[in-house]
Enquirer: 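Can you keep this structure in mind? I'll have questions shortly.
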2 protein chains.
Amino acid sequence: MTEKYIFVTHSEENYLKVIYHLSSASPKGVNTNAIAAMMDTKASSVTDMIKKLAEKEMVLYQKYQGVSLTEQGLLAAKMIVRKHRLWEVFLVEKLDFSWDEVHDVAEELEHIKSEKLINKLDAFLNFPSEDPHGDPIPNQYGEIQKTDKQLLSEATVGKNYICVGVKDSSSAFLQYLNKQKIALGTPMKILEKETFDQTLLVEIEGEDKVLSHKIASNLYIN
Amino acid sequence: MTEKYIFVTHSEENYLKVIYHLSSASPKGVNTNAIAAMMDTKASSVTDMIKKLAEKEMVLYQKYQGVSLTEQGLLAAKMIVRKHRLWEVFLVEKLDFSWDEVHDVAEELEHIKSEKLINKLDAFLNFPSEDPHGDPIPNQYGEIQKTDKQLLSEATVGKNYICVGVKDSSSAFLQYLNKQKIALGTPMKILEKETFDQTLLVEIEGEDKVLSHKIASNLYIN
DNA sequence: TTTATTTTTTAGTCTAATCTAAAAATATTT
DNA sequence: AAATATTTTTAGATTAGACTAAAAAATAAA
């Protein structure tokens, strides 16, 4: 394997990460506009950046056809995700942050460039497999352990589940969950599902709670 | 106290830090050239940046007269130093880095912008008063505990001392100290001082060692 | 106190990353 | 298939931070 080291800027890393996240939904090429929306920037800026990333062989790009990550780009993206999630674990487990406070800080920490740092941090945290939102943490080779989980919105009425993750990890949503006393590991039983709007009646910690379809389709259970 | 929040860029922070470090040596105004040398950049770039920092009221600047930090600038600089040194403690104490490996990573970590993060980190590390090189860590108000220490080059022959810090914390120097088995806390007795070149003969951990004047003038003792 | 030297500043250029507005390509309707 | 709408790209401008080369100010030497 010829491993020439390619410097990737802070901004380029952010693009790689976004392309990575969007890739699962559209594996044959991510749209310029989708990237622009995620990055809160303009499509023209995205086009410019994609060209740079293509130069560096981090993405495959054909005009008007969208982008996809090269093997190299994929690994780079996974390493950013790895760093982001490991820092989140650190913030929650060691510094006592709550799960709705970690995102922005991790967003900065993920760009610190030191393999040694991140691998030592990984060991210090005891090689966690998931971040505080239930998302898997890639190992140092970019391997990701698949865990099976489903959305609460797809749950079967009458069955018992455990909350294992969130799809939306915005602080607004996480604070809502805090208020409802829903956390990772929280057991719940699906009591009823309203056919009209798919609202759920769920028993959580002895209390009956109404959860909207929007909520249910952002909570992972098992 | 009117505290308008002023955004300071990564690069501006580096300038503030350098001006802060140079200020102790020349309290009435730091030279453009001195800053340029420290930052490994050109004097013209320094002039440009100083103007920006003056706009933001972080420094006092008069053409051709050098710069000094305002109260605001001083606090900002101290906060960067605080972050740098706390992260160094973290790297050494928690992640098992050695004192000659921490500088570059801390140089990146010091720019992470989160007061909460740094104060939580401080608590997690048990409010250390010094970094791994014996330099004092400013508290969250910018207060610095003065410790008295002197350079080994000024030590008295015949007396016993303890190594309490390094003036130069380059990895080259620190690795030399590792090789000589000199660390913070290492006791030493000054046996002789050569009048011609000020070389010292020092007893360290039962062994007699010859230390050049250059070495001696970069080691703090007490 | 002139002259020479050094330091500092200005003027103009460059690159990365962004933007707006317009043009080109693709996709969708009719 | 032609017309319309949407998406994407190009062209040209802007800003931060840096650079080179030349001018201006301050300092040192004669």
Side-chain angles (χ1 to χ4, degrees), chain A residues 6-19 22-23 25-69 73 76-77 80 107-108 110-111 113, chain B residues 6-19 22-23 25-69 73 76-77 80 107-108 110-111 113:
Chain A
I6 293 170
F7 180 77
V8 180
T9 68
H10 191 112
S11 181
E12 286 168 344
E13 286 191 340
N14 283 332
Y15 276 91
L16 287 174
K17 188 180 54 166
V18 163
I19 295 166
L22 291 170
S23 288
S26 52
K28 51 200 60 189
V30 179
N31 305 323
T32 302
N33 265 356
I35 298 169
M38 279 279 264
M39 306 262 316
D40 204 21
T41 185
K42 297 298 150 88
S44 54
S45 310
V46 175
T47 303
D48 285 353
M49 184 55 90
I50 282 169
K51 285 178 181 169
K52 281 176 213 159
L53 289 171
E55 286 273 309
K56 295 185 178 180
E57 297 181 57
M58 303 303 266
V59 299
L60 296 173
Y61 169 59
Q62 300 220 93
K63 275 189 194 177
Y64 296 99
Q65 302 312 129
V67 263
S68 56
L69 295 168
I80 299 159
E107 204 78 353
E108 290 191 58
E110 73 189 4
H111 299 291
K113 289 187 184 336
Chain B
I6 294 171
F7 180 76
V8 180
T9 67
H10 191 111
S11 181
E12 287 167 343
E13 287 191 339
N14 283 331
Y15 276 91
L16 287 175
K17 189 179 53 165
V18 163
I19 295 166
L22 291 171
S23 289
S26 52
K28 49 201 62 188
V30 179
N31 304 323
T32 304
N33 265 356
I35 299 169
M38 279 279 265
M39 304 264 315
D40 203 20
T41 186
K42 297 299 150 90
S44 54
S45 310
V46 175
T47 303
D48 285 351
M49 183 55 91
I50 281 170
K51 285 179 182 169
K52 281 177 211 158
L53 289 171
E55 287 273 308
K56 295 186 178 181
E57 296 181 55
M58 302 303 266
V59 299
L60 296 174
Y61 169 57
Q62 298 220 96
K63 274 191 194 175
Y64 297 99
Q65 302 311 128
V67 263
S68 56
L69 295 168
I80 299 158
E107 205 77 352
E108 289 191 58
E110 73 189 5
H111 299 291
K113 288 186 185 338

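All chains are named by letter (A, B, ...) in the order of the sequence lines, taking the proteins before the strands, and each is independently numbered beginning at 1.
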Enquirer: Measuring to OP1 and OP2 of D/dG17, would you say a side-chain N or O of B/Thr9 lies under 4.0 angstrom away?
Expert: yes
Enquirer: Touch check for A/Ser45, heavy atoms < 4.0 angstrom, all strands: base, sugar-phosphate only, or nothing?
Expert: base
Enquirer: Give B/Thr47 one of three labels, base, sugar-phosphate or nothing, depending on what nucleic acid heavy atoms sit under 4.0 Å from its own.
Expert: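 The residue B/Thr47 makes base contact.
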Enquirer: From A/Met49 CE over to A/Thr32 OG1, what is the distance, rounded to the nearest 0.5 angstrom?
Expert: 13.5 Å
Enquirer: Are the side chains of A/Val46 and A/Met39 in contact, using a 4.5 Å heavy-atom criterion?
Expert: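 No, side chains not in contact.
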Enquirer: Just to verify, which of A/Ile35, A/Val30, A/Leu60 counts as forming a side chain to side chain contact (heavy atoms under 4.5 Å, CB included) with A/Ile50?
Expert: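 Among A/Ile35, A/Val30, A/Leu60, the one that satisfies the side chain to side chain contact (heavy atoms under 4.5 Å, CB included) with A/Ile50 is A/Ile35.
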Enquirer: Mind checking what makes side-chain hydrogen bond (donor to acceptor under 3.5 Å, both in side chains) contact with A/Lys52, not counting sequence neighbours?
Expert: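 In terms of side-chain hydrogen bond (donor to acceptor under 3.5 Å, both in side chains), with neighbours along the sequence ignored, A/Lys52 is linked to no residue.
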Enquirer: Using side-chain contact (heavy atoms from CB on, under 4.5 Å), reason through B/Glu110 and B/Asn14 one step at a time and then give a plain yes or no.
Expert: CA-CA 10 Å; B/Glu110 73 189 5; B/Asn14 283 331; 3.6 Å; yes
Enquirer: Is it true that A/Glu12 and A/Lys17 have a side-chain N and a carboxylate O under 4.0 angstrom from each other?
Expert: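 Salt bridge absent between A/Glu12 and A/Lys17.
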Enquirer: Taking the nucleotide of DNA chain C with the nearest heavy atom to each, does A/Ser44 or A/Lys63 sit closer to the 5' end?
Expert: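 Its nearest nucleotide lies further toward 5', so the answer is A/Ser44.
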Enquirer: In this structure, how many angstroms lie between the P atom of D/dA16 and the CD atom of B/Glu13, rounded?
Expert: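 Rounded to whole Å, this separation is 17 Å.
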Enquirer: Rounded to the Å, how far apart are A/Asp48 CG and D/dT10 C1'?
Expert: 9 Å
Enquirer: Check whether any side-chain N or O of A/Lys56 sits under 3.5 Å from a backbone N or O of A/Phe7 as a donor-acceptor pair, and report yes or no.
Expert: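 Yes; judged by distance alone, with no hydrogens or angles, the pair exists.
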Enquirer: Could you say whether A/Tyr64 or A/Lys42 is positioned toward the 5' end of DNA chain C, judged by the nucleotide with the nearest heavy atom to each?
Expert: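 Result of the comparison: A/Lys42.
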Enquirer: When rounded to the nearest 0.5 angstrom, what is the spacing between OH in A/Tyr15 and OG1 in A/Thr41?
Expert: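 Output value for this atom pair is 4.5 Å.
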Enquirer: Considering only heavy atoms, which members of residues 28-39 of chain A lie under 4.0 Å from some atom of DNA chain C?
Expert: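 Of all residues in residues 28-39 of chain A, none places a heavy atom under 4.0 Å from DNA chain C.
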Enquirer: Reading DNA chain C from 5' to 3', where do the contacts with chain B start and stop? Cut-off is 4.0 Å to heavy atoms.
Expert: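 That gives a stretch of C/dT7 to C/dT10.
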